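Protein chains get the first letters and strands the later ones, always in sequence-line order, with residue 1 at the start of each. From a predicted model like this one, the values you see are computed outputs, not experimental measurements.
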Protein chains: 2
Amino acid sequence: MRWKKISDAVVRRLPLYLRVLDELAKNKDAKLISSHELGERAGVGPALVRKDLAWFGEFGKQGVGYEIEYLRLELRKILNLENVIRVAVVGVGSLGAALARFHIKKFLEDESFNLKVCALFDADPDKHGDMHEGLHVRDMEELEDVIRSEDIEMAIITVPAEFAQDVATNLANAGIRAILNFAPVKISVPDHVQLATADLSLELQRLAYYLQEE
Amino acid sequence: MRWKKISDAVVRRLPLYLRVLDELAKNKDAKLISSHELGERAGVGPALVRKDLAWFGEFGKQGVGYEIEYLRLELRKILNLENVIRVAVVGVGSLGAALARFHIKKFLEDESFNLKVCALFDADPDKHGDMHEGLHVRDMEELEDVIRSEDIEMAIITVPAEFAQDVATNLANAGIRAILNFAPVKISVPDHVQLATADLSLELQRLAYYLQEE
DNA sequence: TAGATTGTTAATCGATTAACAATC
DNA sequence: TAGATTGTTAATCGATTAACAATC
């Protein structure tokens, strides 16, 4: 299933729409939703909602709107969230451990959440063998083997900034296709690897700007 | 110090430039940097670097470039990072505790890092009094008093999604001016409160899209 | 002086919004 | 049929890039 050249600005809004639909589906408030209301709840204009969805097909009915459950399932298909995606966490400090814990719990509790953390890695030998939510911390030496044998496609990097680039390179070499980076550095990856950044320092510094009196 | 109507797209790049300058200043590699090299290191085009900086003044010299240390200090002024900014963490689960720990350590280790976590709050009475890096967990009842008496301007929300909006409202009422929200929900705040979102689920779902074969 | 690089204006590019015919 | 809302095209808006005179 491929629709070429969809802008990332569009792709970023799809999970937003999906979240609204998940919520509505759970509460069974209604069967239908208009682009106006979906946009309202997602924080996006109604015209943009329609345009975003139209890139992938015709999901609505004129004069009626979109069927919530149907659109929800279609969006899950589009976002590739139908099958379980295996995830590794590299760097098991308190942040890495917390993220692993959070996602493992969510996977167990929410049946529509399809991201499964299934391996933890850390360079510190003292941590090897430590258990977190049923997973033990592995040596970085095992990275490539485990990623390949366990079909891990995504990784979360929570190592100190100075090691992040090396880790990212190793992950790319091991066949990882998407990385969420928490380390406060710009990292480079090959074109076929997707990168998302959760750079808290950057966000906090940006917020500081707006604290100034206006 | 106010320059009206600077676009957020511009403000978001300033911390990126600052990080590059911090790095260069630490290593004392050189005294000067061109927009070309600064852009290179920050991942931004050279013309855009010059245009971004030009919003705030004339910091460079034609034919020469920008003085690293000078520009670094000017950027710190512009971003309002000269004085310590006090921060509260609301929701002390494993993620909240990890973030508090991370930032408190960074504040102690890096003298140019001016964000100081100085209060922790949680709704769970079992956690009240627990210590994290020298701070005890307080009751939510104390939120407003403590924020006002300790001059706390910024908050990090790490409570479960269903409580995030209430917490944000309470924070806004207590006079908080900027919020970094980790809860996976859209929250609304008054216009005078700045909001940054660290919505990991959204990022991971976006990444999932790109895992599809092309 | 010759070479380099800024600050700034004009041109381009891309994303959002408005408008509306099609149609349920 | 009358009212509503989609999918889509055209208009607008804003952000980035290219170009270049000014000048160190």
* Test salt bridge (charged side-chain N to carboxylate O under 4.0 Å, His left out) applied to B:Lys26 and B:Asp22, step by step -> CA-CA 6 Å; B:Lys26 200 164 49 188; B:Asp22 281 341; over 6 Å; no

* To do: Could you tell me the separation between the NZ atom of B:Lys5 and the C1' atom of D:dC13, rounded to a whole number of Å?
  => 13 Å

* To do: Could you check A:Gly57 against B:Ala9 and say which one's nearest nucleotide on DNA chain D is further toward the 5' end?
  => A:Gly57

* Grab the CG-C1' distance between A:Asp52 and D:dT8 for me, whole Å please. => 14 Å

* To do: Spell out, as yes or no, whether a donor-acceptor pair under 3.5 Å connects the side chain of B:Asn114 to the backbone of B:Glu82.
  => yes

* Distance in angstrom units between B:Leu38 CG and C:dT6 P, rounded -> 9 Å

* Nearest to the side chain of B:Ser35, which nucleotide is it out of C:dT6, C:dT8, C:dT17? -> C:dT6

* Does CD belonging to B:Glu111 count more than 12 external heavy atoms closer than 6.0 Å? -> no

* Structure fact -> Mate of C:dC24 across any strand shown (Watson-Crick or G-U wobble, both atom pairs under 3.5 Å) is D:dG3

* Value in whole Å for how far the P atom of D:dT23 lies from OH of B:Tyr66 -> 16 Å

* Rounded off to whole Å, could you give me the CD-to-C1' distance for the A:Glu67 and D:dT6 pair? => 15 Å

* Using both distances under 3.5 Å as the test, list the Watson-Crick or G-U wobble partner of D:dG14, or none. => C:dC13

* Structure fact -> Of the listed C:dA15, C:dT8, C:dT6, the closest approach to the B:Ser34 side chain comes from C:dT6

* Which whole-number value in Å describes the distance from A:Asp8 CG to C:dG14 P? -> 14 Å

* To do: Test A:Leu73 against A:Glu69 for side-chain contact (heavy atoms from CB on, under 4.5 Å), laying out the working first.
  => CA-CA 6 Å; A:Leu73 294 175; A:Glu69 189 57 23; 4.0 Å; yes

* Asked: Taking everything shown except A:Glu144 itself, do over 12 heavy atoms lie less than 6.0 Å from its CD?
  -> yes

* In whole angstrom, what separates A:Arg50's CZ from D:dT6's C1'? -> 6 Å

* Integer-rounded Å distance: D:dG7 C1' and A:Gln62 CD -> 6 Å

* A:Lys61 or A:Ala47, whichever maps to the more 5' nucleotide of DNA chain C -> A:Ala47

